[in-house]
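Reminder, nothing fancy here: chain letters follow the sequence lines and each chain counts from 1.
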Amino acid sequence: MKNREISTVLYEISSLLEIDQENPFRIRAYTRAAQTLENLTEDVESLAQKDALTQLPGVGKGIAEKIKEFCSTGKMAEYEHLKQKYSSGILEMMQISGMGPKRTRILFQKLKIDSVEKLKEAAQKGWLKDLEGFGAKIEENILKGISLKDQFSKRMLLDEALRISQEIVKTLSQQCRSLEKIVPAGSLRRWKETVGDLDFLTVSEKPEEVIHAFTHRKEVKRVLAEGSTKASVLLDRGVQCDLRVVPKESFGAALQYFTGSKEHNVALRELALKKGLTINEYGLYHNDDKKKSVAGKTEEEIYKKLGLEFVPPELRENRGEIEAAQTKKLPKLIEEKDIRGDFHNHTKLSDGTHSLEEMAQKAKEKGWEWFVSADHSQSLKVARGLDPETLWKKKKEIEILNQKWNNFNVLLGSEVDILSDGTMDYADDILKEIDFVVASVHTGFSQGEEKLTERIVKAMGNPYVDIVGHLTGRLLGSREPYPIQLQRILDAAAKTQTAMEINGQPQRLDLYDSYAQSAKGLGVPIVLTTDAHSTSQLDYMTYAVATARRAWLRKEDILNCLSLKEILDWKNSGVSIL
DNA sequence: GCCGTTTTCGGCCCGACTGTTTTCAGTCG
C-alpha cells in the first residue's frame with residue numbers, strides 16, 4: 001500500500017507551496033487530498049489502475065494525474081522540482097514552533113538557511129533579529145522552539161492524556177471559585193488514538209482568576225501565551241495545554257469549535273455559509289445580522305440549526321459524518337454499558353499480575369455477565385505461556401469459580417501463538433477444549449507481507465480459532481504495523497466468520513478505527529478486548545469502546561454485547577448472527 | 001487545484017495572541 005507514502009508527498013508539496021507563496025487555495029487542495037489518502041483503507045494503486053481516483057473527495061484531475069505518475073514511476077515531477085528549489089531540510093524548519101512559511105522563506109532567501117542546524121546557529125549568532133519583521137524576541141522564541149522541538153513532536157497515549165487532564169480538571173475546580181464549568185475538548189474528547197496537546201474549555205465570570213491559576217500551576221515549565229480569554233502552557237513533561245474561558249451563552253459553540261477536528265469544523269463552516277450562516281466559537285449567526293446569535297448555548301442546537309443530526313465527538317473527522325448527519329444516517333454508536341464481557345486478558349499464570357479469581361472478581365464488579373480468561377500459549381516463553389498441564393489446572397479452577405457465583409460465568413480462553421508456518425501453538429485436540437481461542441502473531445514480524453498474510457489466513461482456516469488478536473501488531477510510538485494484505489485477510493475472516501479484535505491497550509488500539517470500519521463493512525464480526533495484564537487494566541475496555549465508536553460501530557456489530565448463550569451459539573454454529 | 005441545492009466560473013473558514021510595528025503581519029489552533 002502506497003497510501004501513506006503518497007499522502008506524505010502531498011503534505012510536503014503543500015508545505016513547500018506555502019513557502020513558494022502559491023495560491024492559498026491550491027495549497028489547501030493538496031492538504032485535502034493528502035488527508036483523504038491518509039484515511040483511505042482501499043489501496044490507492046488499485047484505484048489508480050481502475051481510473052477511479054477522482055471519485056475520492058479532494059482529488060480532481062490534476063492531483064489524480066500526479067498520483068498515477070507516482071504509482072508508475074515512483075516520483076512526482078512537481079515534488080522533485082520543489083525539493084530541488086528549496087532543499088528538504090526546510091520542511092523541518094517549519095516544524096519549529098514560531099516558524100511558519102513566511103519566516104522560513106525570508107530566512108532561506110536572505111540568509112540561505114535551509115536546515116534546523118543552520119537556523120540554530122544563525123539565531124545563536126544573533127543574525128535574525130536585524131531582519132525586517134524579526135526582532136530579539138522572535139529570535140529568542142525560535143531558539144526556545146528548537147530546544148523544545150522533540151518534546152513538542154511527541155504525542156501522548158490516551159491513558160496518559162486522560163490522567164493529566166483529569167488532574168488539571170480536579171485541581172482547577174478546587175482552586176477557582178469562579179469556575180462554573182471545565183471540560184476537556186480537542187482530540188482527547190474525540191478519543192483519538194494519540195493526543196498531541198490538551199485543550200480545556202471553561203466558563204467563568206472571572207476569566208483572569210482561571211487564567212492565572214492555570215498558568216501558575218507548579219508543573220508549568222513555560223507560558224507560551226497568556227491573554228484575557230486564552231492561555232497556553234507547556235508542562236514539564238513536554239505536554240502543551242491550552243485553556244479558553246468563554247461566556248456561558250457561547251459554551252456550546254466553543255465546545256463544538258475546540259473539540260474539532262479542524263477538518264470537521266472547516267466542513268461545518270462551509271455548510272453554514274451555504275445556508276447564509278456564519279459559525280465561530282461564540283455562536284451561529286445570520287450573515288446579514290452578525291449581532292444576533294441563532295445558537296450557541298449547546299452543541300446540540302448548533303448541529304440542529306445547521307440541519308444536522310447531533311454528531312458524536314468520535315465521528316468528527318470529516319470522513320463522511322456530515323453527509324450522514326444531513327440524511328439522518330448516523331449510526332447509534334456502541335456505549336460502554338452495552339458491554340457484557342471480555343475475551344482477552346491475562347492472569348499471573350502467564351505474564352499478568354493478578355490471579356484468575358482476582359481478575360474475574362473485578363470483571364464481575366464491572367457489571368459484566370461473562371469473562372473469558374485467555375493466557376498465553378506454551379511457545380511464548382518470555383510471557384510464561386501455559387503448557388497443556390497448566391491449562392487443564394486452570395480449567396478445573398474455572399469450574400470451581402463457576403459453582404461459587406450466580407449470574408456470572410468464567411470461560412477458558414487462550415491467546416494462542418500463530419507459529420511461523422501458520423499452524424497453531426496447541427494441537428487441535430487441545431484447542432477444541434478451549435472455549436474461545438484468540439490467535440495472535442508475536443514472533444517473526446519480518447517475514448514479509450506475503451508470508452505474514454498467508455500465515456494469518458491459514459490460522460483463520462483452523463476451525464477452533466475464533467478471534468484474531470491485534471492484527472497489525474503496531475505499538476504506538478515504538479513499532480510500526482507489520483506489512484499485511486488487509487483486504488485478503490478481512491475477506492478470509494468474513495468467509496470463515498473469524499472475529500477481529502479491537503485491542504484496548506492504549507499503545508495498541510489494534511485494529512484501529514479505519515481498519516475496524518472496513519472489517520465491519522465486509523461482514524467480519526468484531527470483538528472488543530482489554531488484553532488486561534492486571535485488574536485495573538480491565539478498564540481499558542473504555543479505550544476499545546472509544547475506538548469502536550470512532551469506527552462507526554453499533555452494539556449490533558460487536559460480539560461483546562451478546563449474552564453468554566448467544567456467544568456460545570455463535571462459537572458453535574460458526575454462522576453470522578450479527 | 002477542487003467543486004457545484006444561486007454549477008463549468010468564481011468562489012474557497014475564523015478568531016486570539018505575540019511581536020513588530022504605529023495599524024498590522026505572522027503564527028497557531
Practice task
Not counting sequence neighbours, which residues clear salt bridge (charged side-chain N to carboxylate O under 4.0 Å, His left out) with Glu314(A)? List them please.
Solution key: Arg549(A)
Practice task
Report yes if a side-chain nitrogen or oxygen of Lys102(A) is closer than 4.0 Å to either non-bridging phosphate oxygen (OP1 or OP2) of dG26(B); otherwise report no.
Solution key: yes
Practice task
Using the P atom as the reference point in each nucleotide, state the distance between dT6(B) and dG11(B) in Å, no decimals.
Solution key: 15 Å
Practice task
Find the distance Glu139(A):CD to dT18(B):C1' and express it as a whole number of Å.
Solution key: 16 Å
Exercise for the section: May I ask you to evaluate whether Tyr285(A) reaches the phosphate of dG15(B), defined as a side-chain N or O under 4.0 Å from OP1 or OP2? Expected result: no
Problem - Among dC14(B), dC2(B), dG19(B), the nucleotide that comes nearest once only the side chain of Ile138(A) is considered - result: dG19(B)
Exercise for the section: Give a yes or no on whether Gln174(A) atom CD has more than 12 heavy-atom contacts from other residues, nucleotides or ligands under 6.0 Å away. Expected result: yes
Exercise for the section: May I ask you to say what Thr229(A) touches in the nucleic acid, namely base, sugar-phosphate or nothing, with a heavy-atom cut-off under 4.0 Å? Expected result: sugar-phosphate
Practice task
Determine: side-chain N/O of Gln326(A) to OP1/OP2 of dT5(B), distance under 4.0 Å, yes or no.
Solution key: no
Practice task
Pick the C1' atom in dT18(B) and in dT23(B), then give their distance to the nearest Å.
Solution key: 15 Å
Practice task
Round to the nearest Å and state the distance from Asp199(A) atom CG to dC28(B) atom P.
Solution key: 15 Å
Handout entry: Out of dC17(B), dC28(B), dG15(B), whichever nucleotide has its closest atom nearest the side chain of Glu281(A)
Key = dG15(B)
Exercise for the section: Identify, residue by residue, the members of residues 115-129 of chain A with a heavy atom below 4.0 Å from DNA chain B, and return them in order of residue number, or none. Expected result: none
Exercise for the section: Give Lys137(A) one of three labels, base, sugar-phosphate or nothing, depending on what nucleic acid heavy atoms sit under 4.0 Å from its own. Expected result: sugar-phosphate
Problem - Distance-only polar pair, side chains of Gln256(A) and Asn265(A), donor-acceptor under 3.5 Å - result: yes
Practice task
With heavy atoms under 4.0 Å as the rule, sort Lys274(A) into base, sugar-phosphate or nothing.
Solution key: nothing
Problem - Donor on one side chain, acceptor on other, Glu336(A) and Thr542(A), under 3.5 Å - result: yes
Exercise for the section: Could you list the residues that satisfy side chain to side chain contact (heavy atoms under 4.5 Å, CB included) with Arg103(A), not counting sequence neighbours? Expected result: Met99(A), Phe134(A), Ile138(A)
Handout entry: Nearest-Å distance for atom pair NZ/C1', residues Lys230(A) and dC14(B)
Key = 12 Å
Exercise for the section: Please measure how far the P atom in dC17(B) lies from the corresponding atom in dT22(B), and state the result in whole Å. Expected result: 23 Å
Completion exercise
Leu284(A) atom CG is separated from dC14(B) atom P, nearest whole Å, by 12 Å
Handout entry: Side-chain H-bond candidate by donor/acceptor type, Glu209(A) with Gln175(A), under 3.5 Å
Key = no
Problem - ring pair (Phe, Tyr, Trp, His ring centres under 6.0 Å) partners for Phe310(A), two or more places apart - result: Tyr303(A)
Exercise for the section: Grab the CZ-C1' distance between Phe134(A) and dT21(B) for me, whole Å please. Expected result: 15 Å
Problem - Atom-pair distance (NZ on Lys68(A); C1' on dG1(B)), nearest Å - result: 17 Å
Practice task
Look at the side chain of Tyr257(A) and the base of dG15(B), then say whether one donor and one acceptor between them are separated by less than 3.5 Å.
Solution key: no
Exercise for the section: Using the closest heavy atom to pick a nucleotide of DNA chain B for each, name whichever of Ala64(A) or Val266(A) lands nearer the 5' end. Expected result: Ala64(A)
Handout entry: Nearest-nucleotide pick for Glu226(A), side chain only, options being dG26(B), dG29(B), dT18(B)
Key = dT18(B)
Completion exercise
Sequence neighbours excluded, the answer for ring pair (Phe, Tyr, Trp, His ring centres under 6.0 Å) partners of Tyr79(A) is none
Handout entry: Residue Lys66(A), side-chain heavy atoms: nucleotide from dT27(B), dG29(B), dG1(B) that is nearest
Key = dG1(B)
Completion exercise
To the nearest angstrom, the CG-P distance between Leu107(A) and dG26(B) comes to 13 Å
Exercise for the section: Calculate the interatomic distance between Asn318(A) atom CG and dC3(B) atom C1'; express it in whole Å. Expected result: 14 Å
Exercise for the section: Provide the distance between the two C1' atoms, one in dG1(B) and one in dT8(B), to the nearest whole Å. Expected result: 15 Å
Completion exercise
residues 23-75 of chain A vs ring pair (Phe, Tyr, Trp, His ring centres under 6.0 Å), sequence neighbours excluded, gives none
Exercise for the section: Just call it for Ala136(A): base, sugar-phosphate, or nothing, with non-hydrogen atoms closer than 4.0 Å on any strand. Expected result: sugar-phosphate
Handout entry: Which nucleotide in dC17(B), dT20(B), dG29(B) has an atom nearest any side-chain atom of Ala225(A)
Key = dC17(B)
Handout entry: P-based separation of dT21(B) from dA16(B) [nearest Å]
Key = 24 Å
Problem - Pairwise C1' distance for dC14(B) and dC9(B), with rounding to whole Å - result: 25 Å
Practice task
Determine: side-chain N/O of Asn141(A) to OP1/OP2 of dT18(B), distance under 4.0 Å, yes or no.
Solution key: no
Exercise for the section: Looking at every strand, decide which applies to Leu10(A) at a 4.0 Å heavy-atom threshold: base, sugar-phosphate, or nothing. Expected result: nothing
Practice task
Could you tell me whether Lys275(A) contacts a base, only the sugar-phosphate backbone, or nothing, with contacts defined as non-hydrogen atoms closer than 4.0 Å?
Solution key: nothing
Fill in the blank from the handout: Regarding dT5(B), purine or pyrimidine glycosidic angle vs 90° from 0 gives anti
Exercise for the section: Using both distances under 3.5 Å as the test, list the Watson-Crick or G-U wobble partner of dG10(B), or none. Expected result: dC3(B)
Practice task
For dC12(B) versus dT7(B), give the span between their P atoms, rounded off to a whole number of Å.
Solution key: 15 Å
Handout entry: Glu281(A) versus Ser250(A), side-chain donor and acceptor atoms under 3.5 Å
Key = no
Exercise for the section: Please name all residues satisfying ring pair (Phe, Tyr, Trp, His ring centres under 6.0 Å) with Tyr543(A), sequence neighbours left out, ordered by chain then number. Expected result: Tyr540(A)
Problem - side chain to side chain contact (heavy atoms under 4.5 Å, CB included) between Ile211(A) and Leu243(A), intermediate numbers included - result: CA-CA 8 Å; Ile211(A) 301 265; Leu243(A) 179 135; 4.2 Å; yes
Fill in the blank from the handout: Contact check, residues 22-31 of chain A vs DNA chain B, heavy-atom distance under 4.0 Å, returns Asn23(A), Phe25(A), Arg26(A), Arg28(A), Ala29(A), Tyr30(A)
Exercise for the section: Select base, sugar-phosphate, or nothing to describe what Arg32(A) touches, counting heavy atoms under 4.0 Å on all strands. Expected result: nothing
Fill in the blank from the handout: Contacts of Gly100(A) and Ala231(A) projected onto DNA chain B by closest heavy atom; the upstream (5') one is Ala231(A)
Exercise for the section: List for me each residue that meets side chain to side chain contact (heavy atoms under 4.5 Å, CB included) alongside Ala295(A), sequence neighbours excluded, and say none if there are none. Expected result: Leu284(A), Glu301(A), Ile302(A), Lys305(A)
